[in-house]
Amino acid sequence: MTITLKQLDYFIATADSGQVSHAAVELNISQSAVTAAIKALERELGERLFDRTHSGVRLTMEGARFLDHARVITGAVAAAIHSPLREHQGLAGRLRLGMTYTVVGYFMSKYYARFRKTYPHIAVEAIELPRDALEESVVGGDIDMAVMLVSNLKRMEEIDHELLVRSQRRLWMPADHHLSAKPAVTLSDVAAEDYIFLTVDEAKTTASRYWEAAGLTPRTVLVTSSVEAVRSLVAAGMGVTVLSDMVYRPWSLEGQRIEVRALDDKVPSMDVGLAWARDRDISPQAAAFRAFMSVTIGGGG
């Protein structure tokens with residue numbers, strides 16, 4: 001089997017954008033090159049990775065499974081090539097790392113595992129806290145560094161931060177939903193549908209802001225703190241929602257399909273980043289973690 005990193009990069013870009021044309025623009029190559037790479041990858045794997053739709057492409061179940069493996073492979077290669085702190089791999093000590101719920105469940109797991117392997121002598125104490133308690137712990141010195149939704153930061157005058165990832169918010173809907181046939185979908189269109197509100201990590205508060213800015217109110221039929229409940233309910237046709245790509249998976253736990261569409265309205269992204277106290281020196285362990293995250297994510301990991 002011969003699979004190249006270039007094929008994996010093209011596959012990931014297409015999966016992330018949902019369109020071959022968008023992936024080609026992002027990669028600054030031709031559409032035919034992306035298409036050829038994906039076809040070659042499918043031949044090597046013996047599986048179809050994408051289904052074509054009227055609005056682009058969507059991952060098959062096999063494609064969704066392979067996407068996780070592709071991200072791990074490309075991320076590991078990027079970290080190995082670009083790591084700027086090889087000389088500090090013997091660094092020891094303790095890192096008190098705070099995280100919010102969404103970050104723990106949908107973002108940090110692979111980076112946490114890689115960091116522990118890269119710096120085996122750093123004892124990481126991972127602490128999950130809601131945003132307000134996490135900010136208090138950062139300012140008070142109980143936590144060395146936080147990985148959190150920096151787009152929700154309140155105490156900006158006391159906390160410095162660095163952006164890692166901007167995660168686009170898009171419309172989630174069940175397979176074959178009537179909005180999937182529209183050439184453009186707006187918040188006004190969504191407001192006419194039964195809507196499921198997620199509350200965890202202040203998601204409802206954030207969403208309420210852009211709904212209010214649009215002068216609209218969604219037709220809420222259920223409010224829940226469970227992302228998996230939202231996923232299952234949307235897939236079962238109980239309603240639609242607008243959520244971040246970070247928590248999106250194309251299949252519910254019951255194996256039902258969930259479609260996504262970009263909205264024509266300006267909806268803010270969910271921004272994940274690092275946060276630390278402005279008036280306190282960053283510890284060597286926290287500095288190593290900061291550099292590791294910056295390089296790993298910047299390298300495509």
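Of the possible donor and acceptor atoms, one in the side chain of Arg231 sits under 3.5 Å from a partner among the backbone N and O of Val247. Side-chain atoms of Glu259 do not come within 3.5 Å of backbone N or O of Pro174 as any donor-acceptor pair. Side chain of Thr220 to main chain of Leu222: no donor-acceptor pair is present (N/O by atom type, distance under 3.5 Å, no hydrogens or angles). At least one donor-acceptor pair closer than 3.5 Å links the side chain of Asp189 to the backbone N or O of Thr186. A donor-acceptor pair under 3.5 Å is absent between the side-chain atoms of Ser180 and the main chain of Asp176, judged by distance alone. Judged by distance alone, the side chain of Ser244 and the main-chain N or O of Met246 form a donor-acceptor pair under 3.5 Å. The main-chain N or O of Leu243 is never found under 3.5 Å from a side-chain atom of Thr241 such that the two would form a donor-acceptor pair. No donor-acceptor pair under 3.5 Å is formed between the side chain of Arg166 and the backbone N or O of Met270. Side chain of Arg280 to backbone of Val138: a donor-acceptor contact under 3.5 angstrom is found. Arg71 contributes no side-chain N or O that, together with a main-chain N or O of Phe66, makes up a donor-acceptor pair within less than 3.5 Å.
The structure places CG of Leu67 at 9.0 Å from CZ of Arg249, a figure rounded to the nearest 0.5 Å. Interatomic distance, CE of Met148 versus CG of Leu153, reported as 4.5 Å (0.5 Å rounding). Distance CD1/Ile3 to CD/Glu44: 6.0 Å, rounded to 0.5 Å. Interatomic distance, CD of Glu125 versus CG of Leu97, reported as 10.0 Å (0.5 Å rounding). From Ile159, atom CD1 reaches atom CG of Leu274 across 12.5 Å, with rounding to the nearest 0.5 Å. Note: Trp276 CH2 to His161 NE2 = 8.5 Å, rounded to the nearest 0.5 Å.
Across Ser17 and Ala23, no two heavy atoms sit closer than the pair OG-N, 3.6 Å. Scanning all heavy atoms of the two residues, the minimum distance from Ile143 to Ile127 falls at CG1-CD1, 4.3 Å. The two residues Arg290 and Ile282 come nearest to each other via the heavy atoms NH1-CD1, 3.7 Å. The two residues Ala184 and Asp264 have their closest heavy-atom pair at CB-OD2, 3.3 Å. What you find for Leu187 and Asp265 is that their closest heavy atoms are N-OD1, 2.6 Å. Contact record, Gln168 with Ala262: NE2-CB, 3.8 Å, taken as the closest heavy-atom pair.
A chain of hydrophobic side-chain contacts below 4.5 Å, direct or via other Ile, Leu, Val, Met, Phe, Trp or Tyr residues, connects Leu95 to Leu164. Using a 4.5 Å cut-off between side-chain heavy atoms of Ile, Leu, Val, Met, Phe, Trp and Tyr, with links allowed through other members, Val185 and Val234 fall into different hydrophobic clusters. Criterion: ILVMFWY side-chain heavy atoms under 4.5 Å apart, direct or through other members. Under it, Trp172 and Tyr195 are not part of a common hydrophobic cluster. Met108 and Val150 fall into different hydrophobic clusters, defined by Ile, Leu, Val, Met, Phe, Trp and Tyr side-chain heavy atoms under 4.5 Å apart, directly or through other members. Put simply, Ile122 and Val147 are part of the same group of oily side chains (I, L, V, M, F, W, Y) that touch within less than 4.5 Å, one to the next.
Between Thr100 and Leu129 the shortest side-chain heavy-atom distance does not fall below 4.5 Å. Between Trp211 and Val190 the shortest side-chain heavy-atom distance falls below 4.5 Å. Residues Tyr101 and Pro130 form no side-chain contact, since every pair of their non-hydrogen atoms from C-beta on lies 4.5 Å or further apart. For the pair Val260/Leu171, no side-chain contact is recorded, criterion being any heavy-atom separation below 4.5 Å from C-beta on. The shortest side-chain heavy-atom distance between Thr14 and Val34 falls under the 4.5 Å cut-off. Between Ile73 and Leu5 there is a side-chain heavy-atom pair separated by less than 4.5 Å. The shortest distance between side-chain heavy atoms of Met145 and Met293 does not fall below 4.5 Å. Taking 4.5 Å as the limit, every side-chain heavy atom of Phe107 sits out of range of all side-chain heavy atoms of Met99.
Glu62 and Arg48 are not joined by a salt bridge, as no carboxylate oxygen comes within less than 4.0 angstrom of a charged side-chain nitrogen. Between Glu157 and Arg278, none of the side-chain N atoms (NZ, or NE/NH1/NH2) sits under 4.0 Å from a carboxylate O, so this pair counts as no salt bridge. In this structure, Asp132 does not pair ionically with Lys154, as no charged nitrogen and carboxylate oxygen lie closer than 4.0 Å. Using a cutoff of 4.0 Å between basic side-chain nitrogens and carboxylate oxygens, Glu42 and Lys39 are not scored as salt-bridged. Ion pairing of Arg96 with Asp142 is absent here, as no side-chain N (NZ or NE/NH1/NH2) approaches a carboxylate O to less than 4.0 Å.
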Could you walk me through whether Asp201 and Arg131 pass salt bridge (Lys or Arg N to Asp or Glu O under 4.0 Å), step by step? CA-CA 7 Å; Asp201 270 359; Arg131 191 267 314 154; over 6 Å; no
Go through Phe50 and Phe11 one step at a time and tell me if the ring pair (Phe, Tyr, Trp, His ring centres under 6.0 Å) criterion holds. CA-CA 10 Å; Phe50 291 105; Phe11 165 67; 5.5 Å; yes
Do Gln256 and Trp251 pass the side-chain contact (heavy atoms from CB on, under 4.5 Å) test, and can you show the C-alpha distance, the side-chain angles, and the key distance before you say yes or no? CA-CA 5 Å; Gln256 294 177 291; Trp251 305 95; 6.0 Å; no
Check the pair Glu158 / Arg155 against salt bridge (Lys or Arg N to Asp or Glu O under 4.0 Å), numbers first and verdict last. CA-CA 6 Å; Glu158 300 170 281; Arg155 301 173 68 167; 2.8 Å; yes
Give the intermediate values and the outcome of side-chain contact (heavy atoms from CB on, under 4.5 Å) for residues Ser167 and Val272. CA-CA 8 Å; Ser167 182; Val272 175; 5.9 Å; no
The test is side-chain contact (heavy atoms from CB on, under 4.5 Å); show your working for Lys204 and Leu198 and say whether it passes. CA-CA 6 Å; Lys204 191 173 188 293; Leu198 180 69; over 6 Å; no
From CA spacing to verdict: side-chain contact (heavy atoms from CB on, under 4.5 Å), Arg170, Asp245: CA-CA 7 Å; Arg170 294 192 287 176; Asp245 284 348; 2.9 Å; yes
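With no hydrogens or angles considered, a side-chain donor-acceptor pair links His178 and Glu193 at under 3.5 Å. Side-chain contact, Glu254 with Ser252: a donor N or O sits under 3.5 Å from an acceptor N or O.
The ring pair (Phe, Tyr, Trp, His ring centres under 6.0 Å) with Phe289 is formed by just one residue from the set Tyr112, Phe115, Tyr119; it is Phe115.
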